[in-house]
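The structure under discussion appears below in the form of structure tokens.
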Amino acid sequence: NHELLSFRKKVEELEKELARSQTEAPKGTEELAQGDDSFQLLFSFTAHSADFDFQGETHRAKAQASWNEIFYAISPRMIDEASERDLSSELSTFVESRTRSNVEGQFKGKTLKNFRIASDTFHTILVQLRALGLIAKSVKNRSVKATGTYWNLTPYGDALMPRLRAIRRRTN
């Protein structure tokens, strides 16, 4: 009876530790860039000189963003799960919204289109967010037609997202 009580207490302690570990940064991540640390985003876009200039000129550019800003931008897409294509598109939209007004000043009279995050930058972001314990490869079963890699939030990522995105009540 005393032994059974001891086992139950140990199970309870382990369950609490597991719950805590799922909503905190994994051990060893304190040395990785994260939070408000800055990261350089490489991207490209096309500048079109007229309505019928379908080709346009492709340009490469750089921008800075913190890891929290990057996670803020893409985390809602992964509440259920998101394909790499969806995440790349979301990051491209993020880069465009962050840089368009600055870049337009350099290309007066041109129409800017097709903002795209660089492939290497995109993959570095995935690896970093995975290393930080914020995202994981989805293991959900899907149809044979669904190809590619899918990602979702870990319990820790799901706990961080509302801390970054939820709207706080204004206090007077």
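If you're wondering where the values come from, they're calculated on a predicted model, not measured in any experiment.
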Is there a donor-acceptor contact under 3.5 Å from the side chain of [X] to the main chain of [Y]?
| X | Y | result |
| --- | --- | --- |
| Q34 | T29 | yes |
| T99 | V95 | yes |
| T124 | D120 | yes |

Gap separating the [atom1] atom of [X] from the [atom2] atom of [Y], nearest 0.5 angstrom:
| X | Y | atom1 | atom2 | value |
| --- | --- | --- | --- | --- |
| N68 | S38 | CG | OG | 12.0 Å |
| W67 | L134 | CH2 | CG | 10.0 Å |
| E96 | S101 | CD | OG | 11.0 Å |
| S75 | E90 | OG | CD | 9.5 Å |
| M161 | Y156 | CE | OH | 13.5 Å |
| R98 | T93 | CZ | OG1 | 14.0 Å |

Looking only at heavy atoms, what is the nearest atom pair of [X] and [Y], with distance?
| X | Y | result |
| --- | --- | --- |
| R168 | R163 | NH2-O, 3.0 Å |
| A33 | Q128 | O-NE2, 2.7 Å |
| Y150 | E81 | CD2-OE2, 3.7 Å |
| G35 | S66 | O-CB, 3.5 Å |
| G133 | P26 | CA-CG, 3.8 Å |
| L129 | I74 | CD1-CD1, 3.6 Å |

Under 3.5 Å, side-chain donor or acceptor atoms of residues 106-119 against the rest of the protein: list the pairs with distances, not counting sequence neighbours.
from : atom 1 : to   : atom 2 : distance (Å)
N114 : ND2    : T46  : OG1    : 3.2
S119 : OG     : H123 : ND1    : 3.4

F45 vs T58 side-chain heavy atoms within contact, under 4.5 Å:
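Answer no - side chains too far apart.
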Given side chains that start at C-beta, do those of L41 and F94 come closer than 4.5 Å, heavy atoms only?
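They are in contact (side-chain heavy atoms under 4.5 Å apart), so the answer is yes.
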Using the rule given for side chain to side chain contact (heavy atoms under 4.5 Å, CB included), can you reason through Y72 versus R165, listing the C-alpha separation, both sets of side-chain angles and the distance that settles it, and then say yes or no?
CA-CA 7 Å; Y72 178 99; R165 292 198 67 112; 3.3 Å; yes
More than 12 foreign heavy atoms under 6.0 Å from [atom1] of [X]: is that the case here?
| X | atom1 | value |
| --- | --- | --- |
| R85 | CZ | no |
| E3 | CD | no |
| E30 | CD | yes |

Ignoring hydrogens and geometry beyond distance, is a side-chain donor-acceptor pair present between E84 and W151 at under 3.5 Å?
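Note: E84 and W151 side chains meet the donor-acceptor criterion.
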